[in-house]
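Only this structure's heavy atoms are used, side chains among them; waters, hydrogens and symmetry mates stay out.
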Amino acid sequence: MKSTNESSNQLHSRMFKEMKDKDIFHKALEYGCEYADNALDRNVFPISNALENLSVFDEDFPEYSSSASDILDLLHNFGSPATVSQIGGRYFGMVNGGIIPVALATRLLTDFWDQNTVLYITSPIASKLESVTEKWLTQIFNLPKSTVAGFVSGTSMAIFCGLAAARFRIYENLNWDFNAKGFMHAPRIRIITSKHTHSTVVKMITVLGFGRSNIEYVETDDQGRMIKEKIPEMDHKTILILQAGNVNSGSFDDFEEICQLANDAGAWIHIDGAFGLWTAGSEKLKHLTKGIEKANSWSVDGHKTLNTPYDSGIILCNDKDALVSSLHATGSYILYGKERDGMLYTPEMSRRARVVEIYAVLKYLGKKGVGKLVTGLHERALQFAYELEQNDFEILNDVVFNQILVSCGKDELTEKTLNVLQELRECWCGGSQWFNRKVIRISVCSWATTSKDISRSVKSFVEARDRALNFNK
């Protein structure tokens with residue numbers, strides 16, 4: 001790649017020319033379309049040669065500027081082959097969603113906008129679409145009209161926001177100014193969650209200063225659902241954290257009854273619904289989320305079930321004052337207005353206009369389309385589980401949504417089968433532990449997954465197990 005020793009004026013002129021001529025943008029789009037053409041049918045995980053070729057990026061920081069066109073060539077020729085094709089139909093790891101075409105197109109447009117959504121005055125369009133999307137989300141999830149939304153990077157930050165709001169409200173009710181005094185000499189807040197809570201929940205509890213050792217864990221049933229009778233007695237100093245979609249089994253807590261217990265005790269309820277909360281939009285599956293409206297805050301991703309691009313998380317909270325107060329910022333240069341100022345609902349000030357992609361997908365799909373998307377993922381998961389069982393694999397969970405836990409009987413064979421499966425690169429799944437058993441964990445999250453993709457992936461499972469068995473002979 002050529003480096004050019006040019007003056008500041010020459011470099012400046014070159015950038016103006018590139019902006020005006022658009023050649024590099026056309027090249028980027030051409031490369032992107034070429035990538036999309038291959039993404040649905042290529043190997044899911046990069047082949048060995050593509051991984052080895054990543055060494056081309058190992059260099060010292062260049063002394064002089066480089067050609068924009070050459071950089072795009074480098075990224076496409078060596079970067080594209082080294083990606084994981086999760087936008088295709090045979091990626092089933094990490095609960096990573098695909099990307100609906102309109103969302104990808106919207107992302108391209110908004111990248112040109114390059115909006116900072118901190119305030120209305122920095123992006124009126126982002127402010128408007130945040131307001132509209134907030135309303136649509138409360139309608140999809142059937143949440144109280146008082147619910148507000150913050151558009152953050154992912155469920156991790158959404159959980160952070162929900163628990164921060166809970167902390168503020170509980171201490172406010174106890175006449176303790178947490179923003180001024182912090183935890184020093186503060187009354188103790190209790191944290192109750194299940195033994196199957198997501199690791200991100202524990203991480204955010206730690207980041208917020210509550211301490212892991214203060215968590216009161218509740219026993220679960222064989223599907224990972226919190227057992228109501230095992231929940232400690234709650235009070236007005238309690239934060240209860242429930243799950244809409246266990247990250248392994250996909251199970252949902254009993255919101256109707258457990259939330260009522262917490263409401264009666266005056267506890268704050270947060271529901272971690274990263275991928276599962278979207279089942280509220282499906283006529284077939286909405287029973288799983290019955291009672292979620294009784295909670296106080298909810299965390300959910302767009303880049304999982306809704307298939308928006310990364311990064312796209314949402315915090316929803318029915319206590320606007322608690323959320324805003326817990327994330328409050330001041331400064332003489334911050335000019336709040338009468339319209340929505342996005343920074344009030346998020347920890348960040350500078351944020352890209354990620355809401356536009358959520359808006360675009362919701363507008364594109366409509367209520368019926370969201371339902372079909374969610375239900376479709378469930379149907380493909382049921383097919384996956386059925387075809388695996390027909391080939392003598394053991395399914396260890398009730399497939400209530402999109403998660404499947406697979407065993408080959410013995411842990412050693414399960415682990416070897418997974419290793420071979422990943423090496424085959426025909427599909428990609430991850431591993432996990434389920435009640436002390438090794439499992440292959442399947443997450444069906446992409447709109448692009450077809451029935452043929454499922455059958456093709458099952459054949460790869462069978463081949464992987466056969467090879468693993470042969471290794472033992």
Side-chain angles (χ1 to χ4, degrees), residues 94-95 117-118 130 133-134 137 141 143 147-172 176 178-179 182-183 186 188-194 196-217 237-245 247 267-277 292 295-304 308 310-330 341-352 354-355 358:
M94 302 297 290
V95 202
T117 60
V118 56
E130 285 192 359
T133 305
E134 175 184 272
L137 291 170
F141 300 133
L143 301 180
T147 302
V148 295
F151 298 93
V152 294
S153 57
T155 292
S156 295
M157 288 312 302
I159 293 170
F160 174 90
C161 294
L163 299 186
R167 185 179 64 184
F168 177 87
R169 177 52 62 215
I170 290 174
Y171 278 130
E172 182 80 1
W176 183 267
F178 182 82
N179 286 349
F183 278 119
R188 177 174 175 266
I189 288 179
R190 297 171 60 204
I191 305 282
I192 298 176
T193 191
S194 85
H196 278 249
T197 196
H198 195 279
S199 59
T200 298
V201 171
V202 178
K203 179 179 179 179
M204 291 304 114
I205 288 171
T206 304
V207 170
L208 285 163
F210 292 112
R212 289 192 303 272
S213 62
N214 293 319
I215 301 173
E216 300 174 48
Y217 288 107
K237 293 185 288 184
T238 301
I239 301 174
L240 174 67
I241 305 170
L242 303 175
Q243 278 192 113
V247 74
W268 180 286
I269 307 165
H270 179 83
I271 295 178
D272 171 20
F275 63 94
L277 209 66
I292 62 170
N296 303 96
S297 56
W298 308 261
S299 49
V300 63
D301 275 331
H303 56 240
K304 289 185 169 64
T308 65
Y310 283 93
D311 53 1
S312 184
I314 307 161
I315 172 63
L316 296 150
C317 184
N318 70 358
D319 188 337
K320 176 180 177 180
D321 181 62
L323 182 64
V324 172
S325 297
S326 66
L327 306 174
H328 187 62
T330 60
D341 291 313
M343 66 168 285
L344 294 174
Y345 310 95
T346 67
E348 312 104 320
M349 292 183 67
S350 298
R351 293 179 299 124
R352 71 175 190 86
R354 56 175 66 99
V355 68
I358 304 175

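Using a distance-only test at 3.5 Å, with no hydrogens or angles considered, no donor-acceptor pair links the side chain of Arg169 to the main chain of Trp268. Judged purely by atom type and a 3.5 angstrom limit, Thr308 has no side-chain atom pairing as donor or acceptor with the backbone of Ile358. Of the possible donor and acceptor atoms, one in the side chain of Asn179 sits under 3.5 Å from a partner among the backbone N and O of Ser325. A donor-acceptor pair is defined here as one N or O able to donate and one able to accept, closer than 3.5 Å; such a pair exists between the side chain of Trp298 and the backbone of Ile292. Side chain of Asp301 to backbone of Thr155: a donor-acceptor contact under 3.5 angstrom is found. The closest donor-acceptor contact from the side chain of His303 to the backbone of Ser312 lies under 3.5 Å.
Taking CZ of Phe178 as the start and CD1 of Ile189 as the end, the distance is 7.5 Å to the nearest 0.5 Å. For the atom pair Ser213 OG and Ile205 CD1, the distance stands at 11.0 Å (nearest 0.5 Å).
Between Ile314 and Ala149 the shortest heavy-atom distance is CG2-CB, 4.2 Å. Shown here for Pro347 and Leu327, the closest heavy-atom pair between the two residues is N-CD1, 4.1 Å. Residue Val95 comes nearest to Lys304 through the heavy atom pair O-CG, 3.2 Å, listed as atom of the first residue, atom of the second, then distance. Taking each heavy atom of Ile315 and Ser297 in turn, the nearest pair found is CD1-CB, 4.3 Å.
Using a 4.5 Å cut-off on side-chain heavy atoms (C-beta onward), Thr238 and Ile192 make contact. Side-chain contact between Val202 and Thr193 is absent, with no heavy atoms from C-beta onward closer than 4.5 Å. Considering only heavy atoms from C-beta on, Phe168 comes within 4.5 Å of Asp321 through its side chain. At a threshold of 4.5 Å between non-hydrogen side-chain atoms, the residues Arg190 and Lys237 do not count as touching. Cys161 is not listed as a side-chain neighbour of Thr346, based on a closest heavy-atom distance of 4.5 Å or more.
Between His270 and the choices Ile159, Asn296, Leu242, Ile191, the side chain to side chain contact (heavy atoms under 4.5 Å, CB included) rule is met once, by Ile159.
Between Phe151 and Tyr345, the distance from one ring center to the other does not fall under 6.0 angstrom.
In this model, no donor atom of one side chain and acceptor atom of the other lie less than 3.5 Å apart for His196 and Ser194. The closest side-chain donor-acceptor pair between Arg351 and Thr117 falls under 3.5 angstrom.
Open room surrounds CZ on Arg212; 12 or fewer heavy atoms of other groups in view lie less than 6.0 Å from it.
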